[in-house]
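This report concerns only the one structure given below.
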2 protein chains.
Amino acid sequence: MKLSGGVEWAVHCCVVLSQAEAPVPAQRLAEFHGISRTYLAKHLQQLSRAGLVRSTEGRVGGYALTRPADEITVLDVVLAIEGREQAFRCTEIRQNGPLPASPQACRKACGVARAMHAAEQAWRDSLTAVTVADLAAGVEDDAGPGTFDRVREWLAT
Amino acid sequence: MKLSGGVEWAVHCCVVLSQAEAPVPAQRLAEFHGISRTYLAKHLQQLSRAGLVRSTEGRVGGYALTRPADEITVLDVVLAIEGREQAFRCTEIRQNGPLPASPQACRKACGVARAMHAAEQAWRDSLTAVTVADLAAGVEDDAGPGTFDRVREWLAT
DNA sequence: GCATTCATACTCGGATATACTCTGTCCGAGTTCTGCAGG
DNA sequence: CCTGCAGAACTCGGACAGAGTATATCCGAGTATGAATGC
């Protein structure tokens with residue numbers, strides 16, 4: 001049970017992108033956050049494949065969000081990085097051994113899987129309730145108004 | 001975001017142990033579930049270190065629950081296997097780069113970390129709501145009454 | 001017949017290899033800007 | 001002075017190593033059983 005460190009990078013990048021008017025190169029995003037450029041590029045590719053950001057090549061290229069920030073949930077970003085498969089995968093060990101569960105009983109998922117999946121659904125619901133726009137608003141609340149003005153100014157240089 | 005396969009084994013083993021009167025050796029648990037004995041032993045050790053099961057050595061040794069099954073939550077088992085640390089670890093990248101967040105603003109956790117931790121808390125709450133006793137009751141519901149009688153009978157052989 | 005002792009069989013526990021995924025990096029393909037030459 | 005073209009610089013994208021962790025396994029330490037032996 002460990003989330004990739006790239007998740008944190010990706011979410012922060014989405015918040016920055018939500019405040020940029022022009023495409024932002026991976027190079028810029030990396031130095032803004034003080035992280036590895038090449039490795040961040042890998043994660044941005046995953047965001048691109050998931051359809052969350054659009055990449056433009058060329059001299060003034062970079063990354064930009066494909067949707068308004070209030071239509072991108074944190075779960076979207078997490079799933080883009082971590083993959084869409086469930087964290088818990090039932091291997092149906094109840095069907096093994098000397099007393100296997102009957103096919104009749106296996107119509108429905110076993111209780112263990114149900115509990116794990118319910119918990120995961122609660123996790124997803126919680127992440128769905130927060131959008132990138134919410135996070136951006138939170139930054140202005142925490143760091144004071146005008147923060148994103150300075151960010152935009154720095155991005156333009 | 002991937003749970004260890006051992007989690008599934010551990011939970012199922014706890015359900016079986018909740019129905020056994022005598023200590024059950026790892027060998028027995030492994031063949032009951034059709035899984036590797038030596039690897040299961042590793043996970044049982046983790047349950048033992050977490051204080052969920054007690055191990056007795058010797059000829060009639062084995063594992064037994066230390067508490068009533070309705071006082072062991074699924075979360076207890078999961079944390080014993082996966083470790084107690086959070087899945088999301090904030091590396092505070094907001095403090096890096098050319099526009100670092102002020103120490104003033106860093107009094108509270110950043111919005112990203114708050115959202116991730118809230119989701120993880122929801123996940124834990126959901127797992128806390130289910131006990132091993134609940135799962136055992138579910139097995140009897142799914143596989144029919146008398147299932148655990150057969151299990152006990154097999155364990156005694 | 002009974003108590004003691006000793007060998008035995010069975011258990012757990014930690015130390016030990018292997019496979020796989022995450023982390024981190026590099027170079028090539030493609031696109032746009034810019035400078036320059038020609039009309 | 002304007003237009004077209006070529007070069008160059010900058011971008012993304014996928015292919016390539018290294019490290020850490022999950023997976024799987026083995027052998028040694030410890031204990032209760034049970035039989036054998038002596039009284």
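By convention in this document, chain letters (A, B, ...) are assigned in the order of the sequence lines, proteins followed by strands, and residues within each chain are numbered from 1.
- No donor-acceptor pair under 3.5 Å is formed between the side chain of A/Glu31 and the backbone N or O of B/Gly97.
- Between B/Tyr39 and C/dA19 there is no side-chain polar atom (N or O) within less than 4.0 angstrom of OP1 or OP2.
- Side-chain N/O atoms of B/Ser36 include one lying less than 4.0 angstrom from OP1 or OP2 on D/dT25.
- Nearest-nucleotide assignment on DNA chain D puts the 5′-proximal partner with A/Thr38, out of B/Arg37 and A/Thr38.
- At distances below 3.5 Å, at least one donor-acceptor pair connects side-chain atoms of A/Asn96 with backbone N or O atoms of B/His33.
- The distance from atom NZ of B/Lys2 to atom P of D/dT21 is 13 Å, rounded to the nearest whole Å.
- Rounded to an integer number of Å, the gap from B/Ile81 CD1 to D/dA24 P is 14 Å.
- For the pair A/Arg28 and A/Trp154, the cation sits on the ring face: its NZ or CZ lies under 6.0 Å from the ring centre, inside 45° of the axis.
- Of the side-chain N and O atoms in A/Ser4, one or more sit less than 4.0 angstrom from OP1 or OP2 of C/dT23.
- Atoms CG (A/Leu29) and C1' (D/dC12) sit 13 Å apart, rounded to a whole Å.
- The 5' end of DNA chain C is approached more closely, in terms of each residue's nearest nucleotide, by B/Pro25 than by the other of B/Pro25 and A/Gly6.
- The phosphate of D/dC12 has neither OP1 nor OP2 within less than 4.0 Å of any side-chain N or O from A/Arg28.
- Between the CD atom of A/Glu57 and the P atom of C/dC33 there is a distance of 14 Å, rounded to whole Å.
- When the P atom of D/dC12 is taken as reference, atom NZ of A/Lys42 falls 15 Å away, rounded to whole Å.
- Listed pair A/Ser48 / D/dC12 fails the phosphate criterion, with no side-chain N or O lying under 4.0 Å from OP1 or OP2.
- Here the P atom of nucleotide D/dC10 and the CZ atom of A/Arg59 are 6 Å apart, to the nearest Å.
- In this structure, A/Ala41 reaches neither bases nor backbone, as no heavy-atom distance under 4.0 Å exists between it and the strands shown.
- The side chain of B/Gln45 places no N or O atom within less than 4.0 Å of a non-bridging phosphate oxygen (OP1 or OP2) of C/dC12.
- When atom types are taken as modelled, the side chain of B/Thr147 and the backbone of B/Glu140 share no donor-acceptor pair closer than 3.5 angstrom.
- Among the atoms of the strands shown, only primed sugar atoms or phosphate atoms (P, OP1, OP2) are found under 4.0 Å from some heavy atom of B/Arg49.
- Of the candidates C/dT34, C/dA9, D/dG13, D/dG13 carries the atom nearest the A/Tyr63 side chain, counting heavy atoms from C-beta on.
- Following rounding to the nearest Å, B/Met1 (CE) and C/dT21 (P) show an atom-to-atom distance of 17 Å.
- A donor-acceptor pair under 3.5 Å links the side-chain atoms of A/Glu82 to the main chain of A/Ser4, judged by distance alone.
- Going from atom CZ of A/Arg89 over to atom P of D/dA22 covers 13 Å, rounded to whole Å.
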